[in-house]
Structure formats: C-alpha cells, structure tokens
Amino acid sequence: MTPPHLRAAHLDIALWGVLPYLVLAVLVAGTAWRYRYDRFGFTTRSSQLHESRLLGVGGPLFHYALFLVIGGHVMGLLVPEALTRWLRVSEEQYHAVALAMGGTAGLAAAAGLGLLLYRRLRVPAVRRATSSSDRLTYPLLALVLLAGLTATATSVTNPYDYRLGVAVWFRSLFTLDPDVSAMAHAPLVYQCHALLAMALFALWPFGRLVHAFTAPVGYLARPYVVYRSRGGAARGRLSGRTPRRASVR
C-alpha cells in the first residue's frame, strides 16, 4: 500500500505538474476544432435585441474590469520580485498598489458579472437563449472571481507572498520544468483559484468565451472601401468631371 506522503506527492505532481499542460492541450486543440467545424459559432451570441439597458451597464463594466484583472495577473505572475527591487519599489508599496487596484478591478468585474447574470435570469427571452455551456461557464466564472477576491482579501492579514510561490510555479511552466512544491505549499485559496481557472480554460473553446479570440484587430490595417454613388457617376460623365468618392473603412 502506498504511504500517505507518497500519495500526496503524486497528487501534487498530477495537479501542478501535469494538469496545466493537459488544460493547455485542450484549450489549443479545442479552439482549433471549433474553428474548423464551427467557425461561424465564434460569436458572443448577443442578446441585445431582447434587453439593452442592463447589458449596456453590465457588459462594459465586466469587460473593462476584466482587462484590468488580467493585466494585474500578468504583472503579478510574470514580473519577478527582483525586478521591482531593482526599480526601487518596496514590497509594501507593491502590495498596497496590487491590493488597491486588484481589489477594485475584481469587485468591478464581479459587479458587472452579477448584473449580467441578473439580466439573464430576469429577462425570459435571454433566459431561454442560455445554452448548456453557459450554465457551466457563468457559475465557473463567478467562482474564479470569488476565489480571486478571497485571495486578495486574505493577503491583508496573511503573510504569504504569492510572488515567491504561485508566481514561481507559473513561470516554471514555461520552462517545462514545473516547480510543483512552490504551488503545493501555497494557501488553499490560491490553489482553489488556480484549479478553477484551469477548469475555465478547459471549458473555454466550447462556449461563448471563445469569442475573445475574434477581436477585430485586422480591421485597423484593412484597406479603405471606396463607395461611389450611381447618380454622381452619371453626372460626372455628362459634365466631364470626376465623381466625388467617399472612403470609409
């Protein structure tokens, strides 16, 4: 029979050394499959026609706050502590800014998601348009935000420094040599936040969240489309002048 400490070590390896790569494989392969067989399904499945007032408030609030949350995670997980020390940013200053900005952005994202969920439950047409994947995605997204807010709140009294634990584990994944112990010794709330986030990324390609990969970046470099009015062209031929053209993107 396997001793308990070995079972715990095997579980840590499975959760923090193997599972992240499995989730990444599902994310990439699932997105490729979705693009191959459901290209026109890369959409938000907008329900704006059914109700726009709550959507006009909750949608921008959730999305803009989420961008700030993602930016905070990128800074916190990818920027090593040595860099902030070199920039002469003290630990107290760093954590105060992270707590203020991260907490505010997280609360705003949670409020926006709450409005969107309230709208989806309150408006019958929107409720009927809710797919089975939505019923998994929305609660999971809410749990991810809740776990993140809890981790942020506990950092006020908890001396744990995630930049010496969770961030070390996250960066080690890119070197294909995951530091399992760094995550295995993290507080439970951080572990739950990471596991819920991985579950969300595994579900990502199969629901409406996939529309995040369809940002119209190419629109910025698209050539102009020239429109000519039929009447203006006819008058130009009669007068010998070149008809006026309107250029729009």
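Counting from 1, the numbers follow the sequence of the chain as shown. When reading the values below, keep in mind they use all heavy atoms of this one structure, side chains included, and skip hydrogens, waters and symmetry mates.
F170 is linked by a ring-ring contact (aromatic ring centres under 6.0 Å, His included) to F174, counting only residues two or more places apart in sequence or in another chain. Residues that satisfy the side chain to side chain contact (heavy atoms under 4.5 Å, CB included) test with R88, not counting sequence neighbours, are absent from this structure. Listed by chain and residue number, nothing satisfies the side chain to side chain contact (heavy atoms under 4.5 Å, CB included) test with T157 (two or more places apart in sequence, or in another chain). For R127, there are no salt bridge (Lys or Arg N to Asp or Glu O under 4.0 Å) partners at least two apart in sequence or on another chain. Partners of T84 by side chain to side chain donor-acceptor pair (under 3.5 Å), not counting sequence neighbours, listed by chain and number: R163. Partners of P80 according to the side chain to side chain contact (heavy atoms under 4.5 Å, CB included) rule, which considers only residues two or more places apart in sequence or in another chain, are L83, R171.
Rounded to the nearest 0.5 angstrom, L77 CG and W169 CH2 are separated by 9.0 Å. To the nearest 0.5 angstrom, L146 atom CG is 9.0 Å from L196 atom CG. To the nearest 0.5 Å, atoms CG (L27) and CG (L22) are separated by 12.5 Å.
Residue pairs that meet the ring-ring contact (aromatic ring centres under 6.0 Å, His included) test with at least one member in residues 182-202, sequence neighbours left out, are H73-H193, Y160-Y190, F201-W204. Residues in residues 80-113 take part in no ring-ring contact (aromatic ring centres under 6.0 Å, His included) pair, two or more places apart or across chains.
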Go through the steps for Q191 and L15 under the test side-chain contact (heavy atoms from CB on, under 4.5 Å), then give the verdict.
CA-CA 10 Å; Q191 295 179 346; L15 291 179; over 6 Å; no
Trace of the side-chain contact (heavy atoms from CB on, under 4.5 Å) decision for M101 with L68:
CA-CA 8 Å; M101 295 187 63; L68 293 176; 5.7 Å; no
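Here L188 sits alone; no ILVMFWY side chain lies under 4.5 Å from its own, so it joins no hydrophobic cluster. When hydrophobic side chains of Ile, Leu, Val, Met, Phe, Trp and Tyr are connected at separations under 4.5 Å, L99 ends up clustered with V156. Residue V168 belongs to no hydrophobic cluster, having no ILVMFWY side-chain heavy atom closer than 4.5 Å to its own. Other members of the hydrophobic cluster containing L24, listed by chain and number, are V28; membership follows side-chain contacts under 4.5 Å among ILVMFWY residues, whether direct or relayed.
Environment of OH in Y118: sparse, with no more than 12 heavy atoms of neighbouring residues, nucleotides or ligands closer than 6.0 Å.
The heavy-atom pair separating P20 from L173 by the smallest distance is CB-CD1, 4.0 Å. The two residues A65 and A105 make their nearest non-hydrogen contact at CB-O, 3.5 Å.
For the pair P178 and Y21, the minimum side-chain heavy-atom distance is below 4.5 Å. Put simply, the side chain of S133 does not reach to within 4.5 Å of the side chain of R208, judged on heavy atoms.
Proximity of a side-chain donor or acceptor of D12 to a complementary backbone N or O of A9 within less than 3.5 Å is not detected.
Checked options L203, L140, T137; the residue passing with L209 is T137 (criterion: side-chain contact (heavy atoms from CB on, under 4.5 Å)).
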